[in-house]
Asker: 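So that we are looking at the same thing, I have put the structure below in structure tokens.
The analysis underlying the following values was restricted to heavy atoms, covering all of them including side chains, and did not include hydrogens, waters or symmetry mates.
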Amino acid sequence: ADDQRDVREALRLLFKAEGIDATGVDGPRTALDALRKQRFDAALIDLNYTRDTTSGAEGLELLRDIKKLDGELPVIVMTAWGSINVAVEAMRHGAGDFIEKPWDNQRLMSVIRNQLALADSRGEAARLKRENEILRGDGDEPFIAESAAMKSVLAQLDRVAPTDANVLILGENGTGKGVIARRVHAQSKRAGKTLVKVNMGGIPESVFEAEMFGHVRGAFTDAKTDRIGRFELADGGSLFLDEIANIPLAQQPKLLRVLEDGELERVGSSRTLKVDVRLISATNADLAADVARGAFRKDLLFRLNTLELHLPPLRERGADIGLLAQAFLARFAKRYQRDGLRFTPSALRALEGYAWPGNVRELSHVIERAALMLD
């Protein structure tokens, strides 16, 4: 931000040569307008504009306003007057560093890169903190799929996982929808990025937007700091929306907009953020029936299910039942220090021919109880 066009153009060309995209504005009002509409990595602002040319008061006011909009944005101040007192005052109000005009290109770029690195560090710290706050699944369930019913599912999964297509996973409770979601992500080109899991049945409607899209400080009574939403946290990676049928009807258009445009605003902010997220969703509900009775938007369902994966219940998975039981027994024997626990051959044969009436989770609980109770 500088009121002299030649200064803005000189800086733009310098930054372009250094591989940095820059937006030039002519004063405080246009600077704040730009910040409300777009996210920037740093701000370089002059301290003197139209009000006067020596005090730095207008620039200090702009600095304070920037910090109200985005308290984490690094701001470097620049002045032709080289007043140490003004520079100290700017640092006191949150400036990261200052530059004197005429500037030295080497020093300017050193300051800019240091402030960008600091912003990256702060952003990563906030991202990790937010990840730790969010339940993303313990990943403790074994992946076993030797039955014909599951091999058909895996063949579909292997074709679609490497793409960016949205995936809708359908199946009864406890059929392993979360395990399949993790496998879709692990086999995708986003595997090195974050997989964020959200239980849509556990988010009250009153905080839906804040949880999914984030909020800025002061957006509501308890908003003490900026908060990263689930979509922003999953940017570049995958977002797993479990129990997707539980999204309140009033919130479905907001989710649809992000899926269509890749854009969102944090609650309390008018700044549009771009996100690149692959959506994986799951439900045990009949979404077509929900659409028919007006409980689920047809256009949202269309966006969710580029591909549907139907998971068979455990009772239809034959040999997988015995293999899962052995995997659970090995885990719980180790956890509870019950060395030597194993199934007899006859027990395994019985399991493999048994149409287990429950789900994978229930089988795990039964095996865990057996491991604890056996002498």
Side-chain angles (χ1 to χ4, degrees), residues 136-163 165-192 195 197 238 240-244 278 280-285 305-336 338-374:
R136 296 193 296 162
D138 57 16
D140 199 31
E141 192 172 315
F143 187 81
I144 291 171
E146 295 297 323
S147 64
M150 282 301 294
K151 284 183 177 178
S152 173
V153 173
L154 293 188
Q156 287 183 289
L157 187 152
D158 289 342
R159 286 195 297 271
V160 75
T163 74
N166 292 335
V167 177
L168 176 62
I169 305 170
L170 303 174
E172 298 177 6
N173 281 333
T175 50
K177 295 187 288 294
V179 178
I180 292 295
R182 289 194 292 274
R183 191 174 178 96
V184 169
H185 177 72
Q187 292 183 207
S188 75
K189 59 186 177 182
R190 299 170 179 260
L195 169 65
K197 176 182 176 181
S238 304
F240 174 39
L241 302 185
D242 201 5
E243 299 185 29
I244 190 76
R278 190 216 190 142
I280 306 168
S281 50
T283 184
N284 64 342
N305 68 343
T306 303
L307 177 76
E308 289 185 1
L309 291 176
H310 294 260
L311 298 189
L314 191 53
R315 60 184 174 273
E316 297 176 6
R317 290 176 56 181
D320 287 348
I321 298 172
L323 294 172
L324 281 165
Q326 290 182 84
F328 288 137
L329 185 60
R331 178 201 301 168
F332 296 128
K334 181 179 179 181
R335 179 179 299 176
Y336 300 120
R338 305 298 301 274
D339 295 338
L341 284 183
R342 64 185 185 279
F343 288 104
T344 64
S346 59
L348 283 177
R349 287 194 296 272
L351 280 171
E352 290 170 2
Y354 178 53
W356 173 258
N359 57 38
V360 176
R361 195 174 301 117
E362 290 166 337
L363 178 62
S364 171
H365 292 165
V366 168
I367 301 300
E368 182 176 17
R369 186 174 184 277
L372 282 169
M373 299 301 293
L374 283 172

Asker: For residues 146-155, tabulate all N or O donor-acceptor pairs below 3.5 Å that involve a side-chain atom, not counting sequence neighbours.
Answerer:
| from | atom 1 | to | atom 2 | distance (Å) |
| --- | --- | --- | --- | --- |
| S147 | OG | M150 | N | 3.4 |
| S147 | OG | D320 | OD2 | 2.7 |

Asker: Looking only at heavy atoms, what is the nearest atom pair of R317 and I144, with distance?
Answerer: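 Taking R317 first and I144 second, the nearest heavy atoms are NH2-O, 2.6 Å.
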Asker: Which atom names give the shortest non-hydrogen contact between L329 and A371, and what distance separates them?
Answerer: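 So the minimum-distance heavy-atom pair works out to CD1-CB, 4.4 Å.
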Asker: Does H185 offer a backbone N or O that forms a donor-acceptor pair with the side chain of R190 under 3.5 Å?
Answerer: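 Not at all, since once roles are kept as given, no pair shorter than 3.5 Å links the two residues.
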Asker: Taking it one step at a time, do R335 and E368 satisfy side-chain contact (heavy atoms from CB on, under 4.5 Å)?
Answerer: CA-CA 10 Å; R335 179 179 299 176; E368 182 176 17; 3.9 Å; yes
Asker: Considering all heavy atoms of both residues, which atom of P313 and which atom of T175 are nearest to each other, and what is their separation?
Answerer: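 Closest heavy-atom pair between P313 and T175: CA-CG2, 3.9 Å.
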Asker: What are the two closest non-hydrogen atoms of S188 and R278, and how far apart are they?
Answerer: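 So the minimum-distance heavy-atom pair works out to CB-NH1, 3.5 Å.
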Asker: Could I get the full list of salt bridge (Lys or Arg N to Asp or Glu O under 4.0 Å) partners for E172, not counting sequence neighbours?
Answerer: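 If we apply the salt bridge (Lys or Arg N to Asp or Glu O under 4.0 Å) test to E172, skipping adjacent residues, the hits are R315.
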Asker: Could you give the distance from CG (L307) to OG1 (T163), rounded to the nearest 0.5 Å?
Answerer: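 Nearest 0.5 Å value for the CG-OG1 distance: 8.0 Å.
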Asker: How long is the span from the CG atom in L241 to the CD1 atom in I280, to the nearest 0.5 Å?
Answerer: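 Here the rounded value is 9.5 Å.
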Asker: What verdict does the side-chain contact (heavy atoms from CB on, under 4.5 Å) test give for I180 and V167, after you've listed the backbone C-alpha separation in whole Å, the side-chain angles of each residue and the deciding distance to 0.1 Å?
Answerer: CA-CA 10 Å; I180 292 295; V167 177; over 6 Å; no
Asker: Looking at residues at least two apart in the chain, or sitting in another chain, which of them share a salt bridge (Lys or Arg N to Asp or Glu O under 4.0 Å) with R369?
Answerer: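 Partners of R369 under the salt bridge (Lys or Arg N to Asp or Glu O under 4.0 Å) test: none.
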Asker: Return yes if some donor-acceptor pair links the side-chain N/O of K177 with the main-chain N/O of D242 below 3.5 Å, else return no.
Answerer: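 Judged by distance alone, no pair lies under 3.5 Å.
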Asker: Determine whether a donor-acceptor pair (N or O, by modelled atom type, separation under 3.5 Å) exists between the side chain of N305 and the backbone of L168.
Answerer: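 No; zero donor-acceptor contacts below 3.5 Å.
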Asker: Once you round to the nearest 0.5 Å, how far does CG of L341 lie from CG of L372?
Answerer: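 Taking CG in L341 and CG in L372, the distance rounds to 10.0 Å.
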Asker: Report the distance from atom CD1 of I321 to atom CD of E316, rounding to the nearest 0.5 Å.
Answerer: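 Those atoms lie 10.0 Å apart.
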Asker: Can you give me the closest heavy-atom contact between N166 and T306, atom names plus distance?
Answerer: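 Heavy atoms of N166 and T306 come nearest at O-CB, 3.2 Å.
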Asker: Distance from H365 atom NE2 to F332 atom CZ, nearest 0.5 Å?
Answerer: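 That separation rounds to 7.5 Å.
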Asker: Once rounded to the nearest 0.5 Å, what's the spacing between atom CG of N284 and atom CG of N173?
Answerer: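 Answer rounded to 0.5 Å: 4.0 Å.
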Asker: Of the non-hydrogen atoms in F343 and L348, which two are nearest, and what is the gap between them?
Answerer: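 Nearest pair, atom of F343 first, then L348: CB-CG, 3.7 Å.
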